[in-house]
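First up is the structure itself, then whatever we jot down about it.
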There are 2 protein chains.
Amino acid sequence: MRTEGRAKRLPRAVRERQIMDAAVDVFSRLGFHSASMDEISEVAGISKPMLYAYLGSKEELFATCIRREATRMMEAIATGVEPDQEPDVQLWSGLRAFFGFVGENRASWQVLHRQASNQGGPFAVELMDMRARAVSLVAALLTQSTKAPATKLEAESLAAALVGAGESLADWWLDHPEEPAGVVAARLMNLVWMGFGDLVDGNVWHPPSRR
Amino acid sequence: MRTEGRAKRLPRAVRERQIMDAAVDVFSRLGFHSASMDEISEVAGISKPMLYAYLGSKEELFATCIRREATRMMEAIATGVEPDQEPDVQLWSGLRAFFGFVGENRASWQVLHRQASNQGGPFAVELMDMRARAVSLVAALLTQSTKAPATKLEAESLAAALVGAGESLADWWLDHPEEPAGVVAARLMNLVWMGFGDLVDGNVWHPPSRR
DNA sequence: CCTGGTACCTACTCGCGAGTAAGACTACTG
DNA sequence: CAGTAGTCTTACTCGCGAGTAGGTACCAGG
């Protein structure tokens with residue numbers, strides 16, 4: 001498969017998809033700074049000016065990647081959870097959906113979590129936006145459950161901790177891909193719902209029957 | 001205060017400390033790639049060739065920074081926890097020490113967590129080493145407690161989740177510095193020890209009396 | 001007051017990568 | 001088949017930053 005020579009003529013929308021896919025791939029492997037527009041264009045199978053003509057500058061391209069992947073992920077989670085159920089069931093569905101998405105979109109996850117989180121520029125905005133949505137979603141789940149977190153700040157920080165635990169566990173999972181998504185999700189569910197205290201005593205959380 | 005002109009002659013060891021401090025500062029603000037050796041030398045109050053003469057290349061310098069800060073942090077935690085106590089007390093001491101360190105060394109934490117974690121080069125080695133020590137420390141705590149995690153993999157992943165929750169909560173804390181360290185630590189302690197299930201029912205964890 | 005060694009400097013080279021100018025190929029439209 | 005709109009390319013410019021060459025000030029000991 002020669003990668004050289006003139007590329008086949010394709011409509012703009014299709015090329016843009018190809019370019020975005022290539023960009024996510026390269027950014028996820030190399031990070032924002034180390035990734036070069038030359039490499040992205042090469043992987044996409046086109047030349048650099050096309051890249052600039054269609055997707056703008058490097059920063060714009062990266063921000064677009066983040067937006068696209070973040071949207072895909074939040075949609076995957078949203079479709080997995082039904083808002084009228086018990087809090088623990090909602091949380092469980094959310095975790096399953098989250099780990100399912102990460103398992104099938106490693107590159108997307110790399111871009112979202114590892115790369116975007118520390119390029120302080122305009123990207124943090126996109127990323128923090130998604131993260132904020134996730135956190136407030138969890139925070140709502142907590143406050144909706146009676147008693148528990150008194151202050152708004154407390155609920156928010158707990159949600160942040162939970163989201164962080166999910167992110168970190170997802171990263172760990174990248175290095176241990178032999179484990180199925182459901183197992184990893186169940187583990188986190190037990191940790192945050194039961195707590196070590198109960199786990200030490202042998203009390204575990206079970207999903208409500210098999211449905 | 002003119003920063004120009006010839007710098008005062010100082011013994012090598014002292015200069016090296018100054019340079020390291022400057023490097024941690026700049027790396028934490030800008031990240032590895034965006035930080036320039038020119039800026040580091042300027043902040044340190046010396047010229048670039050001195051930097052290269054004393055600390056080697058940019059990569060060596062960064063790795064040295066990570067090693068130094070990681071060591072400082074692990075020592076801070078190690079001195080805070082006594083290994084003969086109950087698991088929950090050990091965990092509590094560890095969390096307090098951790099958040100105490102982060103609170104007083106924001107820059108160090110930025111370098112360690114946000115910067116080092118995704119520059120995949122030789123740095124990941126240093127960082128993952130520290131992280132692995134932290135995780136295995138927690139994992140040991142878990143397996144030492146009876147029953148709970150059956151497999152080694154399970155203990156490790158739970159530990160990874162906990163460490164990640166700590167990291168994430170520390171990041172959140174950077175944006176809400178008005179909260180005292182002890183409060184944030186206690187919140188995480190409750191989350192991972194009691195779990196949401198208990199918290200929803202109003203059951204909270206208390207440190208064993210005031211000592 | 002020379003001699004060497006260590007701290008310290010100015011002023012470069014040089015490659016890499018973001019972004020662009022200017023045009024060439026293809027295909028549809030009349 | 002001419003015109004024109006959209007696709008795609010080669011072949012540059014240009015600044016930034018890592019790393020260096022070749023010194024200058026300062027302080028020993030003889």
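Chain naming here is simple, since letters A, B, ... match the order of the sequence lines and numbering starts at 1 in each. Note that the structure is a prediction, hence the values are computed from the model and not measured.
- In terms of position on DNA chain D, the residue among S36(B) and I46(A) whose nearest nucleotide sits closer to the 5' end is I46(A).
- In this structure, H33(B) atom NE2 and dA18(C) atom P are separated by 12 Å, rounded to whole Å.
- Whole-Å rounding puts the L30(B) CG to dC16(D) P distance at 15 Å.
- Between F32(A) and F27(A), the ring-plane angle classifies as parallel under the 30° and 60° cut-offs.
- Evaluation of the salt bridge (charged side-chain N to carboxylate O under 4.0 Å, His left out) test over residues 30-39 of chain B, restricted to residues two or more places apart or in two chains, returns R29(B)-E39(B), D38(B)-K48(B).
- Among the heavy atoms of the strands lying under 4.0 Å from S47(A) is at least one base atom, whether or not backbone atoms are also near.
- Considering all non-hydrogen atoms of both residues, L188(A) and A161(B) come closest at CD1-CB, 4.2 Å.
- The closest donor-acceptor contact from the side chain of Q85(B) to the backbone of Q90(B) lies at 3.5 Å or more, if one exists at all.
- Residue M37(A) is in sugar-phosphate contact alone, with no base atom involved, counting any heavy-atom pair closer than 4.0 Å across all strands shown.
- Y52(B) has its OH atom 12 Å from the P atom of dG17(D), to the nearest Å.
- Checking side-chain atoms of D25(A) against main-chain N and O of D21(A) turns up no donor-acceptor pair under 3.5 Å.
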Got a list of protein N/O to nucleotides 22-27 of chain C N/O distances below 3.5 Å?
residue : atom : partner : partner atom : Å
dT26(C) : O2   : R9(A)   : NH2          : 3.3

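- Atoms NZ (K48(B)) and P (dA11(C)) sit 14 Å apart, rounded to a whole Å.
- Using a 4.0 Å cut-off, some side-chain N or O of Y54(B) falls inside it from OP1 or OP2 of dA7(C).
- For the ring pair (Phe, Tyr, Trp, His ring centres under 6.0 Å) criterion with W109(A), the lone passing option out of F99(A), W173(A), F101(A), F98(A) is F98(A).
- Rounded to whole angstrom, the span from the CZ atom of F62(B) across to the C1' atom of dG19(D) amounts to 19 Å.
- Between the CZ atom of F32(B) and the P atom of dG17(D) there is a distance of 13 Å, rounded to whole Å.
- The stretch residues 96-107 of chain A participates, sequence neighbours left out, in these side-chain hydrogen bond (donor to acceptor under 3.5 Å, both in side chains) pairs: R72(A)-N105(A).
- What separates CZ of R15(A) from P of dT9(D) is a distance of 7 Å, to the nearest Å.
- Here dG19(D) presents its C1' atom at 10 Å from CG of D38(B), a figure rounded to the nearest Å.
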